[in-house]
Amino acid sequence: MIDPKLLRQSAADVAANLARRGFEFDADAYLALDERRKALQVETETLQNERNTSARSIGQAKAKGDDIAPLLAAVKDLGDRLEASEQALQAVQGELTDIELGLPNLLADDVPDGASEDDNLEVRRWGEPAELGFKARDHIELGEGLGQLDFDAASKISGARFVVMTGALARLQRALIQFMLDTHTTEHGYTETYAPYLVRAQALVGTGQLPKFEEDLFKTETETPFYLIPTAEVPVTNLARDMIFDADELPVRHVAHTPCFRSEAGSHGQDTRGMIRQHQFEKVELVQFVAPDASMQALEELTGHAEVILQKLRLPYRVVMLCSGDVGFGSAKTYDIEVWLPGQQKYREISSCSNYNDYQARRMKARRRNPDTGKPELLHTLNGSGVAAGRALIAVMENYQEADGSIRIPEPLLPYMGGLERIEASTS
RNA sequence: GGAGAGAUGGCUGAGUGGUCGAAAGCGCUCCCCUGCUAAGGGAGUAAGGGUUAAAAGCCCUUCGAGGGUUCGAAUCCCUCUCUCUCCGCCA
């Protein structure tokens, strides 16, 4: 959520910033509505004050044993007037809140302008796409050739956009997850965190998926519904909900491995083949809570933490800064890390690292105590994939493939593979 | 699933209709005392919002959430959510 104070004072500036995203914020309508709010609020508070004052004097009169009948008569219709005013105020405030929850975050100044992902700005590259010396297979061909990747089996059980993996390939994904968790906990100072996969609506409002993107989520039909998490960002960031951290407790760094569930509504036809875009996938997520003035630096660091994973695995990648039209709803600035996929001859997103500054914190009242003023203030939240395990698996398969269709195990994963150095076709 | 208890400020925890935004303790901040890695004394210390150019001041709201009773609700009533205890069931 954008600071409502800022909305009021600089509505035109806000609108200009959001316009860079292609988002239209009707500043005049908002300000007009806020004027009504202001008038109603003053009226309501005046009546409340009147009520409080008279209630107090009735109490005092009663204590003295005076006759309170005339006093009661004087406030006879106050209740009705107050109730009408309160209801009108509540309605207007509700409208304002709806608008505010529907606004994306303000973009950081250095986010480049652009309309789509084609306008993203490449920041750096690491590694060279390897010369395989033969025609690269994609992960589907590789996995099915190994007999360890089965989309038909998955569709029998759950339909499209699911996968079944078996044997060494299934283990390889687990190895990747373990490797990532161990790296982030031992080398980057993150606390391993296990959190719920089912969450309440309130948690999703906090991180920004609700109320606007409900159609992207899976929802249970229980009496009070749960939503399946689309990313560990949701439960883990909500650890800061209603918290006031002491200044010396920050930064807080969590790393969590969870499955992620996405309805992929509206993505029909995109990446329908293979396991690039699934309803269910595994991800290792990095989340940080930091002091307000530290978040931009923290974004650089967090992105670097994700990059380390790819570097250790010797997977070529590039980092792009998302342009104004491609930055996610609640993010002020986002770096995507794109890994080289020989099967597609393309860089594909494997991590997205974002600074939300106080946008999520305001929604979930996540604060820290400012050491200088002693007052609570909103902290800043960040998150990034460190990295998506399903896509990392694809990247390893395609980059480590051999001419015969087998897959070498990257060196850092060997300890997690029980001595297996190469995945070959299942004999069964 | 059955029975019961509870949800109060940064934390612990009093408070069952009117000077309660809320005792006390802890923590924190400042001051004093003390020749010292201790102790003692004093003061202050919830958040959000409105009014204001801003501050001060004044006002409003908030004691899990929402509704209700009342001139007046942390306190009474209803609904919901959550937590805990016991029993049952269960990986």
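Naming: A, B, ... by sequence-line order, numbering from 1 per chain.
- The residue S57(A) sits apart from the nucleic acid: no heavy atom pair falls under 4.0 Å.
- A centroid separation of less than 6.0 Å is found between the aromatic rings of H279(A) and F218(A).
- Across the protein-nucleic acid pair, E249(A) atom CD and G10(B) atom P stand 14 Å apart, rounded to whole Å.
- The residue R8(A) sits close only to the backbone: its heavy atoms come under 4.0 Å of sugar-phosphate atoms, none of a base.
- Nucleotides A65(B) and C82(B) are separated by 10 Å at their C1' atoms, to the nearest Å.
- Rounded to whole Å, atom C1' of C63(B) lies 15 Å from atom CG of D242(A).
- Looking at heavy-atom distances under 4.0 Å, R200(A) makes contact with sugar-phosphate atoms alone, never a base.
- Backbone-only engagement by R367(A) is indicated by non-hydrogen atom pairs under 4.0 Å involving sugar-phosphate atoms exclusively.
- The separation of G48(B) from G88(B), taken at their C1' atoms, amounts to 45 Å, rounded to a whole angstrom.
- Between the side chain of N370(A) and the backbone N or O of T373(A) there is at least one donor-acceptor pair closer than 3.5 Å.
- Separating the CG atom of N49(A) from the P atom of G72(B) is a distance of 15 Å, rounded to the nearest angstrom.
- Looking at heavy-atom distances under 4.0 Å, I244(A) makes contact with sugar-phosphate atoms alone, never a base.
- An OP1 or OP2 oxygen of C59(B) is reached within less than 4.0 angstrom by no side-chain nitrogen or oxygen of N52(A).
- Nucleotides of RNA chain B nearest to S54(A) and K375(A) differ in position, and the one nearer the 5' end is that of K375(A).
- When the C1' atom of U61(B) is taken as reference, atom CD of E86(A) falls 10 Å away, rounded to whole Å.
- Going from atom CG of L78(A) over to atom P of U70(B) covers 14 Å, rounded to whole Å.
- Considering only heavy atoms from C-beta on, L33(A) comes within 4.5 Å of R36(A) through its side chain.
- A donor N or O paired with an acceptor N or O is found under 3.5 Å between the base of G18(B) and the side-chain atoms of K62(A).
- Looking at the side chain of K5(A), the nearest of the listed nucleotides U61(B), G50(B), C71(B) is G50(B).
- Nucleotides G21(B) and U79(B) place their C1' atoms 27 Å apart, quoted to the nearest Å.
- Put simply, the side chain of M397(A) does not reach to within 4.5 Å of the side chain of M275(A), judged on heavy atoms.
- Taking side-chain N and O atoms only, R51(A) has a distance below 4.0 Å to OP1 or OP2 of U61(B).
- Between I58(A) atom CD1 and G17(B) atom P there is a gap of 19 Å when expressed in whole angstrom units.
- Using a 4.5 Å cut-off on side-chain heavy atoms (C-beta onward), V287(A) and R253(A) make no contact.
- Of the candidate nucleotides U81(B), U61(B), U51(B), U51(B) has the atom lying nearest to any side-chain atom of K38(A).
- The same atom, C1', is picked in G49(B) and in G44(B); the two are 24 Å apart, to the nearest Å.
- Between the CG atom of L71(A) and the C1' atom of U70(B) there is a distance of 16 Å, given to the nearest Å.
- Contact check for M364(A) versus D242(A): no side-chain heavy atoms found under the 4.5 Å cut-off.
- Here A47(B) presents its C1' atom at 16 Å from CZ of R241(A), a figure rounded to the nearest Å.
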